[in-house]
Protein chains: 2
Amino acid sequence: MAIAAQEIPEGAKLKPLPRVRLELVDVFGRMAQALSFPRSVGEIYGLLYLAPKPMSAPEISEALSISKGSVSTGTRQLLTLGFIRKVWLQEERKDYFEAVLELGNMVRTAYDQIFKVRAQNAERRLTDVTDTLADEKAELSPGEYALIKERLARLTKLQKRAKQFMPLLERLIK
Amino acid sequence: MAIAAQEIPEGAKLKPLPRVRLELVDVFGRMAQALSFPRSVGEIYGLLYLAPKPMSAPEISEALSISKGSVSTGTRQLLTLGFIRKVWLQEERKDYFEAVLELGNMVRTAYDQIFKVRAQNAERRLTDVTDTLADEKAELSPGEYALIKERLARLTKLQKRAKQFMPLLERLIK
DNA sequence: CAGTTTGTTCAATTTAAATTGAACAAACTT
DNA sequence: AAGTTTGTTCAATTTAAATTGAACAAACTG
């Protein structure tokens with residue numbers, strides 16, 4: 001059945017969400033913000049997490065009162081992170097989305113994509129700073145040079161320790 | 001103009017920072033942003049980290065070209081987190097600040113103040129949602145009720161696992 | 001074919017957060 | 001005493017990020 005017009009008229013308002021679902025939308029919205037994701041991204045996940053069946057982009061847009069532009073970018077981010085997946089419903093042309101419930105996966109992907117990347121950036125930038133120090137040696141007093149060198153060495157050491165620590169963390173979450 | 005001091009004329013421009021220091025200011029500024037702290041907070045820490053001696057608020061303000069309001073709020077945050085400390089220099093009236101170099105401490109405090117608090121909030125909010133579900137049971141179809149209940153149970157389970165996991169994490173960073 | 005619907009992209013707008021700067025109090029100096 | 005300097009607070013402003021909405025392309029329908 002190709003979405004029979006009698007059953008689900010296209011323009012009709014969907015029935016309002018139960019309070020539990022609204023509340024979880026809010027919880028995930030705030031959580032997203034705390035993790036410096038756009039609130040709307042968290043809300044979309046929160047909506048899908050308690051959805052009895054996959055939801056289309058227009059449905060999400062209406063349920064959360066957010067624009068389809070935001071739904072499009074939000075779902076893209078969530079797909080990239082592996083927090084939701086696309087499901088191909090019957091003969092439908094629309095994309096349907098459902099939440100990935102195995103939150104363990106999520107943590108893993110998020111870790112790889114966010115934490116690991118940031119750690120690598122930090123490492124690279126620290127190397128750059130150390131290079132600058134070498135370049136600038138002549139212009140610095142011996143005392144200041146020594147002090148900066150020692151402190152950068154501390155940072156590098158810490159960075160190395162963090163790096164060693166990562167595989168352990170990986171084992172714990174994988 | 002009463003500006004006395006032969007040695008350190010009050011209004012004088014401090015000599016410009018060496019490039020290494022500017023670069024580290026930038027590195028910590030960006031890092032702060034990534035961790036959703038104000039950039040200026042990271043910059044202050046980056047400045048102090050390579051400072052040969054403690055710096056006063058006005059010095060920080062001038063070196064980073066940020067207002068004294070920002071220096072005041074920024075140093076307060078860093079003090080609270082244990083990232084910097086006040087030092088009482090000679091007879092001076094001004095506050096002087098220096099970076100806490102033992103970054104291990106920092107990680108610990110940050111963990112306690114940020115991660116732990118957030119975990120507790122998340123726990124409380126999840127309980128609230130579960131309560132709402134109970135309240136709303138009558139208004140939901142049995143199928144939907146069961147589904148939501150099961151999914152909230154999943155979340156609670158995850159939350160419990162995360163909680164158990166925390167002491168382990170604590171041992172690792174402490 | 002023209003007309004819908006879906007979904008993406010991006011410029012314009014809105015919103016939230018950081019930053020400034022002015023007002024003020026406190027601790028000094030002359 | 002009056003005048004400096006330091007540091008805090010908070011309302012006003014600036015800045016950065018999220019969101020919208022319009023333009024567009026793609027995939028369909030009658």
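By convention in this document, chain letters (A, B, ...) are assigned in the order of the sequence lines, proteins followed by strands, and residues within each chain are numbered from 1. What you see is a predicted model, and the numbers here were worked out from it, not measured in a lab.
A salt bridge between B:Arg19 and B:Glu23 is absent, with no side-chain N of the basic residue lying under 4.0 Å from a carboxylate O of the acidic one.
Of all nucleotides listed (D:dG7, D:dT20, C:dT20), C:dT20 comes nearest to the side chain of B:Ser67. Each of D:dG7, C:dT20, C:dG7 was ranked by its minimum atom distance to the side chain of A:Pro58; first place goes to C:dG7.
Scanning residues 24-43 of chain B for heavy-atom distances under 4.0 Å to DNA chain D yields an empty list.
Straight-line distance from the CG atom of A:Leu79 to the C1' atom of C:dG7: 13 Å, rounded to whole Å. C:dT15 atom C1' lies 15 Å from atom CD1 of A:Ile66, rounded to whole Å. Atom-to-atom, CG of A:Leu64 to C1' of D:dT19 comes out at 13 Å; the value is rounded to the nearest Å. The CG-C1' distance, from B:Leu78 to D:dG7, rounds to 16 Å in whole Å. Between the CH2 atom of B:Trp88 and the C1' atom of D:dT6 there is a distance of 11 Å, rounded to whole Å. Following rounding to the nearest Å, B:Arg76 (CZ) and D:dT6 (P) show an atom-to-atom distance of 19 Å. Separating the NZ atom of A:Lys86 from the P atom of C:dT6 is a distance of 14 Å, rounded to the nearest angstrom. Atom pair A:Leu89:CG and C:dT6:C1' shows a separation of 15 Å (rounding to whole Å applied).
Contact check, B:Ser70 against C:dT19: no side-chain N or O comes under 4.0 Å of OP1 or OP2. In this model, the phosphate group of C:dG7 is not approached by any side-chain N or O of A:Ser72 to a distance below 4.0 Å at OP1 or OP2.
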* Show your working on side chain to side chain donor-acceptor pair (under 3.5 Å) between B:Arg124 and B:Asn121 and close with a plain yes or no. => CA-CA 5 Å; B:Arg124 186 172 35 72; B:Asn121 286 347; 3.1 Å; yes

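The ring pair (Phe, Tyr, Trp, His ring centres under 6.0 Å) contacts involving residues 131-162 of chain A comprise nothing, where partners must be two or more places apart or lie in separate chains.
Looking at heavy-atom distances under 4.0 Å, A:Ser65 makes contact with sugar-phosphate atoms alone, never a base.
Base pairing of D:dA17: its partner is C:dT14, meeting the Watson-Crick or G-U wobble criterion (both donor-acceptor distances under 3.5 Å). Taking a pair to require two hydrogen-bonding distances under 3.5 Å in either a Watson-Crick or a G-U wobble arrangement, D:dA22 pairs with C:dT9.
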* Sequence-aligned protein contact record of nucleotides 22-30 of chain D, with B where the base is within under 4.0 Å of a protein heavy atom and S where only the sugar-phosphate is -> -----BS--

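No side-chain donor-acceptor contact under 3.5 Å links A:Tyr49 to the backbone of A:Arg21.
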